[in-house]
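Every chain is numbered from 1 and lettered A, B, ... according to where its sequence line falls, protein lines coming before strand lines.
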Amino acid sequence: MRTSQYLMATLREAPADAEVSSHRLMLRAGMIRQLAAGIYTWLPLGLRVLRKVEAIVREEMDQAGAQEVLMSGVQPAELWQESGRWDQYGPELLRFQDRHKRDFCLGPTHEEIITDLIRREIRSYKQLPANFYQIQNKFRDEIRPRFGIMRAREFLMKDAYSFHLTEASLQATYHQMFAVYTTIFTRLGLKFRAVIADTGNIGGKTSHEFHVLADSGEDRIVFTDDGHYAANIELAEAPVPKEQRPQPRQAMQVVATPGQHTIEEVSHFLQIPAGQILKTLLVNGTDTDLVALVLRGDHELNRVKAEQLPQVATPLTFASAEKIRGILGCSPGSIGPVNMGIPMIADHSASLVSDFTCGANTEGQHLTGVNWQRDLPEPAVADIRNVVSGDLAPDGSGKLNIAHGIEVGHIFQLGTKYSAALKATCLDENGEAKTLIMGCYGIGVSRIVAAAIEQNHDEYGIIWPQAIAPFQLALIPINMHKSQRLRDAVIPFYHDLQNAGIEVLLDDRKERPGVMFADAELIGLPHRLVYSERGLDAGTIEYKGRRDRENQEIPLADAIAFIRSKLGEPGKDL
RNA sequence: CGGGGCAUAGCGCAGCCUGGUAGCGCACCUGCUUUGGGAGCAGGGGGUCGGAGGUUCAAAUCCUCUUGCCCCGACCA
C-alpha cells in the first residue's frame, strides 16, 4: 500500500476527551473515529488490525472444530421472554419496536438465538457434541461507556456455544477451549493470564476469564508466584484467619471526632492505624430493610461476595445518606456497630480485632477500645472483603500478588440454564429426550485491539505485536519526489517486497522525512526501512525495528531476506 | 440515575465577566525556498459560535429551555 492512496488520518494532537493511552493513540493514529457515545467508526488502518485479530481467532476456532455461523444483531423479544432474561436484563439491553409494534432488542449476547437454532436443528446424540461460533457486533447500552473502544457500547465479539449430552463432554470441550484461548492470546503476542471468575448475569458455574495484563486495566486479578492459583479479585477467597482474638485491654470510651468521617481522617486524627478501625457499610437487605456489613478500615468490601449473602438484596445497593440520617440520626461517616439496631455481618478479619475504633452513631463522635462480646454481641461472620497483596492463597500455594488486567476472554460452563428454559433437547442412545448441556466462550475482539495498545506503546506511539500490526514494514524513501534515480530504485524494490509476501506501507507522500518517521512510529509498524540516495550510492538500506534505538545498514541485495528473517522471529519484536 | 464540566474551522484552544457582527496554533490549498526527526516566507479557503426561544438598535457574549459530549459516583460509614 502507498500512503498517497491511503487514508493516513494521523493527528498531532489528540481530542481532549480521550483519557487512556489506547484511546488517544487509536484516534491519533487514525484507526477510529467516534460517532456517538461508545460508538465508533473503524478507519482503514484500524480495520486492518481488527481483521487480523479476527483472523487469528477464526483460524484457531476452525482448527478446534468449531463451526462458524452468523446470527442477527436484532433479536425478537419472544426468545428473551422465554429464557426469562427480557425481565432480568436491565437497561443495558437496548429494546425497541418495529412498525408492527413488536418488541425487539439489539443483541448483547446470543445464548437465546443459538439455543433456539439448535433445538430446531439438532435431534440426535449422533450430532453431538457441537460447537458453534460467530464473530459479530454486540450492543450493550452501558451506563457510562469510556476509554474508547475498551468499554464501548457497540463492540466486536467472538462468541461460541457448545452443546453436549453429558457433563463429561462439556468438560472436554471446556478444556479444549481453554487451550485454544491460550493459543490465541499467545499468537496475538500478548502478555495474559487466565483466572477463575464470577459468572455474572450469563449464568452457570465454572468459568475462567482471560486478562491482558496492563496497569490501566479496570479489573484486578490475583495470583500466586507459581501460578497455581489465579482468580479475579471478585472471586478470590480471603483466607479464614486461624488466630484467636486478643484479650481486651482497653475500656470502651467515646471520643470527639468533629468533622472526621473517612477512615483516613479518623486514623490520622486519633493516630490509630486503619487496621484498628472498623467501618460499617449499610446496604439494602432482603428480610430486613437494611443490613450492616462490617470491615476492617484497611479492607475493601467485595460486592460479589456480599451479594451472595442471603440477607443482602441483589443487586447490592447502599443506603442513601438521607435514609441513614433518618434511622440513626448521624451521617454515614459516623456509623458504628455498637447499639446500632441493624442486623450485621462482619468480615472474618473484622471479627478478630479487639480494642477497635468505630463510629458512635452520633455525629462527630467515635468509640475507641471497643470489644466484641464485651461491648456488643459476637457478630455473624463471612468472607466479604477483597483479598489484599500478601494474603495466603486458599489452595496453599503461597502469597497472593495483585495485578491489573483487561478482560479479553471469558469461558463458561453454562449447564442447562438456557437449554432448559428454551426446552432444547435431543434423543440419546436409548431414544430418550435429554436436555442439552451448554458451554459458552467469548472473546472481545475489538477490545483486544485496545488492550494490545495499552500493553505495547511508548511516547512516540503504538508498538504493534507483529501478528496484528496493520502493516509489517514501513518503507520510507528520503526526498523521492525530487530524485528520479531514487524513484527508479524504490518502486521496483517496493514491488519486490510485496511479491515476497511482506505487508509493506510505502510512504510516497511529498513529505519531509521527520513527518514520515513520526507517522510510521505513531501507527506502530514493527519494522522500518529507509531508502535514500546516500544508501543508493553505498548499496545499502537502513533498518530500524520499532523498539530499536539504533539504525543498522543492510546491503541492499540482502534487504528482503533480512526482513523475512525479522518477520520469522515472532517473539523477537514483542 | 445523582453530582460536576464542556460545546466557537478537521484537531487543540482564546474571545464571553464588561454585548458592537469572530481570532490564534496545527491541519488544508497555491507559489517560492527548504529537505535525515512533525520546515520557512508569502498568499488563500473554511465557522448558521450545538439547537430553539427571549432581552436589545445590536447577542458567541446576557436570560430561559433543549440536545450532545466528557469526567466523577461503596472505600464519607
(message) By the definition salt bridge (Lys or Arg N to Asp or Glu O under 4.0 Å), identify the one residue from R549(A), R546(A), R547(A) that meets it with D458(A).
(response)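 Passing option: R546(A).
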Can you check the distance between [N] and [M], where both ends of the measurement are the [atom1] atom (answer in whole Å)?
N: rU67(B); M: rA52(B); atom1: P; result: 15 Å
N: rC28(B); M: rG10(B); atom1: P; result: 15 Å
N: rG15(B); M: rG47(B); atom1: C1'; result: 14 Å
N: rA9(B); M: rU61(B); atom1: P; result: 15 Å
N: rU21(B); M: rU48(B); atom1: C1'; result: 13 Å
N: rU55(B); M: rU64(B); atom1: C1'; result: 11 Å
N: rU8(B); M: rG68(B); atom1: C1'; result: 15 Å
N: rG51(B); M: rA59(B); atom1: P; result: 15 Å

Determine the contact category for [X]: base if any of its heavy atoms lies under 4.0 Å from a base atom, sugar-phosphate if only primed atoms, P, OP1 or OP2 are that close, otherwise nothing.
X: R24(A); answer: nothing
X: A9(A); answer: nothing
X: I143(A); answer: base
X: T262(A); answer: sugar-phosphate
X: H481(A); answer: base

Watson-Crick or G-U wobble partner of [N], both distances under 3.5 Å:
N: rA42(B); value: rU30(B)
N: rU21(B); value: none
N: rC6(B); value: rG68(B)
N: rG73(B); value: rC1(B)
N: rA58(B); value: none
N: rU48(B); value: none

Results of ring-ring contact (aromatic ring centres under 6.0 Å, His included) for [X] - residues two or more places apart only:
X: W372(A); result: F356(A)
X: F471(A); result: Y6(A)
X: F104(A); result: none
X: F562(A); result: Y543(A)

(request) Using the salt bridge (Lys or Arg N to Asp or Glu O under 4.0 Å) rule, collect all pairs that involve residues 471-496 of chain A, keeping only residues at least two apart or in two chains. (result)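 Pairs touching residues 471-496 of chain A that pass the test: R485(A)-E533(A), R485(A)-D537(A).
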(request) Could you walk me through whether R151(A) and E218(A) pass the salt bridge (Lys or Arg N to Asp or Glu O under 4.0 Å) test, one step at a time? (result) CA-CA 10 Å; R151(A) 180 172 290 282; E218(A) 289 188 274; 3.0 Å; yes
Contact list for RNA chain B against [range] - heavy-atom distance below 4.0 Å:
range: residues 371-385 of chain A; answer: none
range: residues 530-542 of chain A; answer: V530(A), S532(A), R534(A), E542(A)
range: residues 508-521 of chain A; answer: R512(A), P513(A), G514(A), V515(A), F517(A), A518(A), D519(A), E521(A)
range: residues 288-309 of chain A; answer: E300(A), L301(A)

Can you give me the closest heavy-atom contact between [X] and [Y], atom names plus distance?
X: N302(A); Y: E234(A); answer: ND2-O, 3.1 Å
X: E19(A); Y: R24(A); answer: O-CD, 3.8 Å
X: K279(A); Y: R296(A); answer: CE-O, 3.8 Å

(message) For a 4.0 angstrom threshold against heavy atoms of chain A, report the outermost contacting nucleotides of RNA chain B in 5' to 3' order.
(response)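 From 5' to 3', the first and last contacting nucleotides are rC1(B) to rA77(B).
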(message) Please check: side-chain N/O of S351(A) versus main-chain N/O of H348(A), any donor-acceptor pairing under 3.5 Å?
(response)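 At least one qualifying donor-acceptor pair exists.
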(request) With sequence neighbours excluded, give me every ring-ring contact (aromatic ring centres under 6.0 Å, His included) pair touching residues 266-300 of chain A. (result)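 Checked against ring-ring contact (aromatic ring centres under 6.0 Å, His included) - neighbours excluded - no pair reaches residues 266-300 of chain A.
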Does [X] come within less than 4.0 Å of [Y], counting only side-chain N to carboxylate O?
X: R220(A); Y: E300(A); answer: yes
X: D391(A); Y: R385(A); answer: yes
X: E378(A); Y: R245(A); answer: yes

(message) Can you list everything that forms a side chain to side chain contact (heavy atoms under 4.5 Å, CB included) with Q365(A)? Sequence neighbours excluded, please.
(response)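 Only V254(A), A360(A), T362(A) meet the side chain to side chain contact (heavy atoms under 4.5 Å, CB included) criterion with Q365(A).
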(request) Select from R12(A) and K279(A) the residue whose nearest nucleotide in RNA chain B is closer to the 5' end of that strand. (result)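 Mapping each residue to its closest nucleotide by heavy atoms, the 5'-most match is R12(A).
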(request) On RNA chain B, check which nucleotide each of G333(A) and G38(A) is closest to and give me the residue with the more 5' one. (result)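 Whichever sits nearer the 5' end wins; that is G38(A).
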(request) Take R303(A) and L316(A) through the side chain to side chain contact (heavy atoms under 4.5 Å, CB included) test and state the conclusion after the steps. (result) CA-CA 7 Å; R303(A) 293 187 92 107; L316(A) 180 125; 3.6 Å; yes
(request) Check whether more than 12 heavy atoms from other residues, nucleotides or ligands sit under 6.0 Å from atom CZ of F96(A), and answer yes or no. (result)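 It does: F96(A) CZ has more than 12 such atoms within range.
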